[in-house]
Amino acid sequence: MQTRHRKLYKVITLNFWREAIVREDVLVSETILKRLKEAVVKYDVELTVELAKEVIATGFDPLKAIEQGLGEGLRVIGDEFEAGEIFLPMLMMAAQAVKESLTILEPALPKGTSRKTLGKVVIGTVEGDIHDIGKTIVAAMLTANGFEVYDLGCDTPTSKFVDKVKEVKADIIGMSALLTTTMTKMAEVINVLKKAGLRGNVKVIVGGAPVSAAWAEKIGADAYAEDAIASVDVSKKLLDK
Ligand code: B1M
């Protein structure tokens with residue numbers, strides 16, 4: 001009888017500690033994400049960078065930190081900007097905080113297992129659009145997962161996309177747009193690819209906040225990817241990998 005009680009006591013104690021550890025993990029995770037988000041919302045470059053270093057030092061998931069910490073902060077500050085609550089210099093400082101933190105977090109993104117390239121991707125933000133944070137994350141995730149990525153940066157002229165596709169014999173072209181006014185450039189690139197006889201050789205993926213699956217279909221792209229993770233899945237699917 002005493003042995004049964006002892007066993008039961010052991011099980012209860014073990015479960016208590018297990019739950020406590022899980023609860024602590026959740027708390028730590030919520031805290032670092034909340035602090036990252038708040039640092040971006042306060043457009044505090046120094047603090048955001050310090051927190052990014054803390055993410056690395058504690059072994060916290062860098063992708064989660066980017067998407068649920070930095071990304072959430074940018075979403076909030078974007079809304080504040082739209083509502084006229086903050087001005088452009090503040091938005092720019094928040095973007096700077098994210099960009100500097102990305103240089104710390106990106107190298108820690110999980111690497112793909114295969115060293116063989118899965119395919120060549122030419123990626124860029126379309127002409128007239130200088131938003132490059134999301135595109136850079138997508139490029140980093142594709143690289144980390146085994147794609148050979150040629151990042152053309154932002155404000156990329158249509159001809160630069162087409163020339164690079166031709167030069168490297170790309171398997172995929174990825175276009176990002178954050179402004180409703182620049183989305184049309186995606187269609188322009190597709191049309192020029194068609195005219196150059198290159199459309200059949202290259203798959204087209206589009207993404208960015210105002211872009212949707214319906215838009216991708218409308219302009220004749222092969223796929224829409226909602227975020228960095230989806231861009232990897234979609235790219236693999238398009239190339240049958
Ligand atoms: Co600007 N900006 N901005 N901005 N900015 C937006 C986009 C805006 C929605 C803000 C707002 O008003 N609420 C608004 C656009 C409105 C519209 O067109 N509907 C806007 C505006 C108006 C402007 C200016 C015109 C402001 C001005 O000058 N008066 C100007 C534009 C200049 C230009 O481009 N010609 C401008 C400037 C800037 C900054 C320079 C200050 C800075 C950009 C800095 C930089 O990128 N280097 C900036 C920022 C930071 C933003 C917000 C706040 C955040 C964008 C961002 O980086 N998000 C943005 C508001 C918002 O989006 N809520 C806003 C985080 C990033 C991780 O997400 O880029 O969506 P995102 O990328 C995601 C997915 O979309 C997807 O994966 C990424 C990772 O998950 N994805 C892809 C992206 N590309 C993909 C490609 C793919 C697949 C997935 O395949 C190829």
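Atoms within a ligand are numbered from 1 in the order they appear, just like the ligands themselves.
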| What about Thr180: any of its N or O atoms under 3.5 Å from an N or O on ligand 1? | yes
| Within the structure, does at least one protein heavy atom fall under 4.0 Å of atom 9 (C) of ligand 1? | no
| said: Checking a contact table here: which protein heavy atom is nearest atom 41 (C) of ligand 1, and how many Å away? | reply: Met92 CG, 3.3 Å
| Is the closest basic N to carboxylate O distance between Arg35 and Asp44 below 4.0 Å? | no
| note | Counting from 1 in the order shown, the ligand 1 atoms closer than 4.0 Å to a non-hydrogen atom of Glu67 are 80 (O)
| request: Provide the protein N, O or S atoms situated under 2.8 Å from atom 1 (Co) of ligand 1; waters are not included. | output: His131 NE2
| Short list, please: which atoms of ligand 1 are under 4.0 Å from a heavy atom of Ser176? | 83 (C), 84 (N), 85 (C), 86 (C)
| said: Please list, in number order, the atoms of ligand 1 under 4.0 Å from a heavy atom of Gly174. | reply: 91 (C)
| Less than 4.0 Å between atom 59 (C) of ligand 1 and some protein heavy atom, yes or no? | no
| N/O to N/O below 3.5 Å, does that happen between Asp79 and ligand 1? | no
| said: So, regarding Asp132 and ligand 1 (criterion: nitrogen or oxygen to nitrogen or oxygen, under 3.5 Å), is there a contact or not? | reply: yes
| query | Going by the atom numbers of ligand 1, which of them fall below 4.0 Å from some non-hydrogen atom of Gly208? | reply | 75 (O), 81 (N), 82 (C), 83 (C), 84 (N), 85 (C)
| message | For Glu226, which part has a heavy atom under 4.0 Å from ligand 1: side chain, backbone, both, or neither? | response | backbone
| About how many Å separate OG of Ser101 and NZ of Lys53, when rounded to the nearest 0.5 Å? | 9.5 Å
| Any N or O of Ile130 closer than 3.5 Å to N or O of ligand 1 | yes
| Looking at Leu88, which atoms of ligand 1 are within less than 4.0 Å of one of its heavy atoms? | 28 (O)
| remark: The option among Pro89, Gly134, Ala209, Gly73 carrying the non-hydrogen atom nearest to atom 78 (C) of ligand 1 is Gly134
| message | Pairs of nitrogen or oxygen atoms closer than 3.5 Å, one from Gly128 and one from ligand 1: do any exist? | response | yes
| task | For ligand 1, indicate whether the residue Val138 contacts it via side chain, backbone, both or neither (heavy-atom separation under 4.0 Å). | result | side chain
| request: Heavy-atom contacts with Asp129 under 4.0 Å: which atoms of ligand 1 show up? List them by number with element. | output: 34 (O)
| Going by the order shown, which atoms of ligand 1 are within less than 4.0 Å of some heavy atom of Gly207? | 82 (C), 84 (N), 85 (C), 86 (C), 87 (C), 88 (C), 89 (C), 90 (O)
